[in-house]
Amino acid sequence: MSSIQVQLPDGSVREVPSGTTSLSIAESISPRLAQASVVARIRPLQAAPVAVAAAEGSEAAMYGVEDTHAERLVDLTTPLTEDVALQLLTEKAPEALKVLRHSAAHVLATAVTELFPETKLGHGPATETGFFYDFWRPTPFTPEDLKLIEGRMAEVTARDEKFVREQEPREKGLEEFKTGNDFMKVHFVEKFTKPGEEISLYRNGKFVDFCRGPHVPSTGRVKAFKVMSLSGAYWLGDDKNPQLQRIYGTAFFSKKDLDEYLERIEDAKRRDHRRLGKELELFTVSEEVGAGLPLWLPKGATIRRLLEDYILGLERELGYQHVYTPDLAKVDLYKRSGHWAHYHEDMFPPMDLETEQMVLRPMNCPHHILVYESKLRSYRDLPVRLAELGTMYRYERSGVLSGLSRVRCMTLNDAHIFCSPDQIKEEFSNVMKLVERTYKDLGITKYSYRLSLRDKKNKEKYVDNDAMWELGERELREALDALGLQYRESPGDAAFYGPKLDIQLADVMGHEETYSTVQVDFHLPSQFGLKYTAADGTQPRPVMIHRAIISTMERMVSYLIELYAGAFPLWLAPVQAGLVPISERHQEYAKKVQQRLQKAGLRVELDARNEKMNAKIRDLTMQKIPYVLVMGDKEESSEAVSVRTRGKGDQGSMPLEQFVAQAQEMVATKKIEL
Ligand code: TSB
Ligand code: ZN
């Protein structure tokens, strides 16, 4: 029998008979390793390493024709028949979790076909957060069915059936699927394999599925799982096709991981800014206005105005000049800037006006460039920092819109800094300091830096000028290194005109978005032929730094709502104190307190309804107002208020003036905790 060479991660090489499995190699290393292993990664030693890349959760990723020379995952029981580098993946490897979840999808399909044998199978990939499986069945699944299915899945895992890979001729497999009226499997086999090939099937117990694998060794490994939800989808996305039922689930290696994940989901629901936006009367989205066009209600508008005033104040201190420019311009402006060529798909379509075509602006930069150009600039004027709370419009596709976090009409805390090349680093550093200061004041502590670069292959999305991109990238990297900031790189996320440093914030579920951004741009200054007069009388071109600190008001408020679960720090709370007179005869005193607090610059709400005191306290507490001040005879006679602090309960009576001074101090220092 021939032998093969198996190279282990430590570099050592073992010579074993061809056909040996990864599992037996693991056993020969240590039984514990064999126990802990989930799946194996192999790379043929003869071929250059090539990564197999297919879109996440796509059909191709599931069934795509294998490139057998590439690095790939195989079952622990797959016989090794060539010289390979072998890595045994344990539960800690992220790829292992994917494999587990795909196996969980098979367990789900096993349970469904056992309980509802008339069901036809679609496909069932792992996703970022779990897995799903598409089913066709004449009757819809009910919530009770989902419970039954989950229970049956537990039985399937208790049976601890081995996942066995089988190969068979494609035509034989097709014949079987056709006989069983498995129309979706027939489609997948025909689409993803070629005549004459063998197809692979995975069997556990009586259940069999057309699948490329790999899988965990047996169903018993799928211990911690949950059926999450059900949704409908047309087969192949075509409404003339049968409607499928997609069952979602999730799975983890341990119960603890599963429980943590489920808790995070609960937490995310509790914080969801769309829900809280409604409950706390912050914003609303109206069908009649349109999707992605939120209306700011008085309380949400108060938060927004506070943020706007805050950042404008800081910018004034830092030498920014504020301008106002219109929300639209002629299409030609965006042809000159390059937006039309590279950003067209994200813009609203143009409007015909007499002889002109106008378009809503997707960005504020061209307007600010024209402000820069409105007079001659000398080196002594630089850096020119033009700032605006600029409203802009982007045609985000309806499927990606979400509350305030992704909208179609948004107001950006924007600025464009026009400077000489040797001023870039200092300006960059100042912007980063401003970001840090702002995040501290807003109570944002977790963020990461992303260097967003172009995708070199995508000529349509990015300006084509290699030298310019390399220069911008070098400038950014040097500026980042000078500040000692750790960042990761993300090709394909640059602006069309240059690379960006993006500041990423994640929500409870770990989903990241860009908030602040700093961008180095040599393109727009060149398109508009910008100049300044240098000390030696020459006319060099300035560089442009685009930057946003707060991001759009929309996105930042969505983040803050979720960060604080609606319980804002005092300085940002739309209502800072709720006033509760104990009975009718304390109304007068309550009004006096209201006036005093308002005069002190505090935002208050007097609950003058003819309700019981406790009901009023409860309602104000539900609104997450930082302080509820209760007033009865005792308070009235001593010019005091009885203070209930959010999250801390009854603090007893306090002289009114003391409360005022304390609250003002907390607002002035932007204290986050109460
Ligand atoms: C910084 N021209 C630059 C500007 O000078 C610019 O527009 N950059 S941007 O395209 O990256 O947008 C700035 C920020 O706006 C993004 O970082 C993001 O935080 C926010 N933003 C972008 N699209 C949306 C949207 N659809 N809804 C809410 N906020 C958005
Ligand atoms: Zn810009």
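When a ligand or atom number is given, it counts from 1 through the structure's own listing order. Please read these numbers as outputs of a predicted model, since none were measured by experiment. Both backbone and side-chain heavy atoms feed into the values below; hydrogens, waters and symmetry mates do not.
Residue E396 approaches ligand 1 through these ligand atoms, each under 4.0 Å from one of its heavy atoms: 23 (N), 25 (C), 26 (N). Heavy-atom proximity to S551, at under 4.0 Å, picks out these atoms of ligand 1: 18 (C), 19 (O), 20 (C). In the vicinity of T514, heavy-atom distances shorter than 4.0 Å reach the ligand 1 atoms 17 (O), 18 (C), 19 (O). Listed by number with element, the atoms of ligand 1 under 4.0 angstrom from any heavy atom of K500 are 11 (O). Numbered from 1 in the order shown, with element, the atoms of ligand 1 that lie under 4.0 Å from a heavy atom of R406 read 26 (N), 27 (N). Residue S405 has at least one heavy-atom neighbour below 4.0 Å for each of these atoms of ligand 1: 27 (N), 28 (C). Set against the non-hydrogen atoms of C365, the atoms of ligand 1 under 4.0 Å away are 2 (N).
Under 4.0 angstrom from ligand 1, there are no non-hydrogen atoms of E513. Contacts of D414 with ligand 1, taken as heavy-atom pairs under 4.0 Å, involve the side chain alone. The part of T517 lying near ligand 1 is the side chain, judged by heavy-atom distances below 4.0 Å. Residue contacts with ligand 1 for A495 are absent, since no atom lies close enough (heavy atoms, distance under 4.0 Å). Using a 4.0 Å cut-off between heavy atoms, R408 makes no contact with ligand 1 at all.
Among all non-hydrogen protein atoms, the one lying nearest atom 29 (N) of ligand 1 is T552 OG1, 2.8 Å. Scanning the protein heavy atoms around atom 16 (C) of ligand 1, the nearest turns out to be Y515 O, 4.1 Å. Protein heavy atom at the shortest distance from atom 13 (C) of ligand 1 is L412 CD1, 3.7 Å. Given atom 2 (N) of ligand 1, the protein heavy atom at minimum distance is Y497 OH, 3.0 Å. In this structure, atom 11 (O) of ligand 1 lies nearest to the protein heavy atom Q519 NE2, 3.4 Å. In terms of protein heavy-atom proximity, atom 22 (C) of ligand 1 is nearest to R394 NH1, 3.4 Å. Of all protein heavy atoms, the one lying nearest to atom 18 (C) of ligand 1 is R555 NH1, 3.4 Å. Closest to atom 24 (C) of ligand 1 among all protein heavy atoms lies M410 SD, 3.3 Å.
A cation-pi arrangement is absent between R377 and F418 under the rule of less than 6.0 angstrom and at most 45 degrees off the ring axis.
Within the 4.0 Å heavy-atom cutoff, P362 does not count among the residues contacting ligand 1.
Note on ring orientation: taking the six-membered ring where Trp is involved, the planes of F496 and Y343 are tilted (angle from 30° to 60°).
Residues E478 and K425 come closest through the heavy atom pair OE1-NZ, 3.1 Å.
Under the 4.5 Å side-chain criterion, counting only non-hydrogen atoms from C-beta, T533 is not in contact with R380. Counting only heavy atoms from C-beta outward, the side chains of Q357 and M351 never approach each other to under 4.5 Å. At least one side-chain heavy atom of L307 sits under 4.5 Å from a side-chain heavy atom of L442. The side-chain heavy atoms of I424 and E427, taken from C-beta on, include no pair separated by under 4.5 Å.
Separation of the Y532 and Y379 ring centroids does not fall under the 6.0 Å cut-off. Ring to ring, Y439 and Y447 are close: their centroids are under 6.0 angstrom apart. In summary, the aromatic rings of H123 and F132 are positioned with their centroids under 6.0 Å apart.
If you look at the Zn ion (ligand 2), the protein N, O or S atoms less than 2.8 Å from it are C365 SG, H416 NE2, H546 ND1.
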Listing, residues 518-526 side-chain donor-acceptor contacts under 3.5 Å, not counting sequence neighbours, or none:
unit_1 : atom_1 : unit_2 : atom_2 : d
Q519   : OE1    : Y497   : OH     : 2.5
Q519   : NE2    : T517   : OG1    : 3.0
D521   : OD1    : H523   : N      : 2.6
D521   : OD1    : L524   : N      : 3.0
D521   : OD2    : H546   : NE2    : 2.8
H523   : NE2    : S337   : O      : 3.2

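Side-chain polar atoms of H322 and E315 form a donor-acceptor pair below 3.5 angstrom. Counting only N and O atoms by type, the side chains of T391 and T411 include a donor and acceptor under 3.5 Å apart.
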Inset, instruction - Given ring-ring contact (aromatic ring centres under 6.0 Å, His included), test F131 with Y248 step by step and report yes or no. - result: CA-CA 6 Å; F131 60 88; Y248 287 92; 9.0 Å; no
Inset, instruction - Check the pair H368, E388 against side chain to side chain donor-acceptor pair (under 3.5 Å), reporting the backbone distance first and the verdict last. - result: CA-CA 9 Å; H368 289 186; E388 179 174 9; 2.8 Å; yes
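Between R488 and E512 there is a salt bridge, since a side-chain N of the basic residue sits under 4.0 Å from a carboxylate O of the acidic one. Between E260 and R264 there is no salt bridge, since no side-chain N of the basic residue sits under 4.0 Å from a carboxylate O of the acidic one.
Checking V407, D493, I550 against atom 27 (N) of ligand 1, the nearest heavy atom belongs to V407.
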